[in-house]
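Note that the structure is a prediction, hence the values are computed from the model and not measured. The first residue in the sequence is number 1, and the count goes up from there. Just follow the structure's listing: the first ligand is 1, and inside any ligand the first atom is 1.
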Amino acid sequence: MKLFAKCIKCRREICFNSNQKTRVEFVMYEGKTKALTCNHCKHNNIFKVNELFAKESKFALIIACAIFLVGTPILIYYVPIFLLKYGGIYSSLVIAGFMLVPIIVYSNILKEDRIRVNTFNLGYY
Ligand SMILES: [Zn+2]
């Protein structure tokens, strides 16, 4: 996942990729410090593991929104067809259940992402 650190000189964020999910893992596999060169001011920073942090992923947010935005109209389009074909209270309940799917997927993706971020950020080494 993407990890971030703030450049000591210009305070801008430097981002890099890491396979580690917690700071403890990071120390085990990559050491207690991380050397990063700032892309803006070219300052060579050496960060302690506790200065690195994770952020909620824009990618997860985009995927979650896409599922929500694409899934909901598809359902709204197919629901009347389904209702005309099968009708009845039972199928209405089934449809209501299906309507929740994009919402559930959306909130699950965001929840998983928040857990990932918190797991890293709240576990100090
Ligand atoms: Zn900088």
So does Cys38 have any N/O/S atom less than 2.8 Å away from the Zn ion (ligand 1)?
yes

Can you tell me the angle formed at the Zn ion (ligand 1) by SG of Cys41 and SG of Cys10, to 10°?
110°

Just checking: His43, one of its N/O/S atoms, less than 2.8 Å away from the Zn ion (ligand 1), yes or no?
no

Do Lys55 and Glu13 pass the salt bridge (Lys or Arg N to Asp or Glu O under 4.0 Å) test, and can you show the C-alpha distance, the side-chain angles, and the key distance before you say yes or no?
CA-CA 11 Å; Lys55 283 206 300 195; Glu13 278 175 3; 2.6 Å; yes

Cluster link Phe59 to Leu3, ILVMFWY, side chain under 4.5 Å:
no

Classify the ring geometry of Phe26 against Phe120: parallel below 30°, tilted from 30° to 60°, perpendicular beyond 60°.
perpendicular

Locate the shortest heavy-atom distance separating Ile46 from Glu51; write the atom from each residue and the value.
O-OE1, 4.3 Å

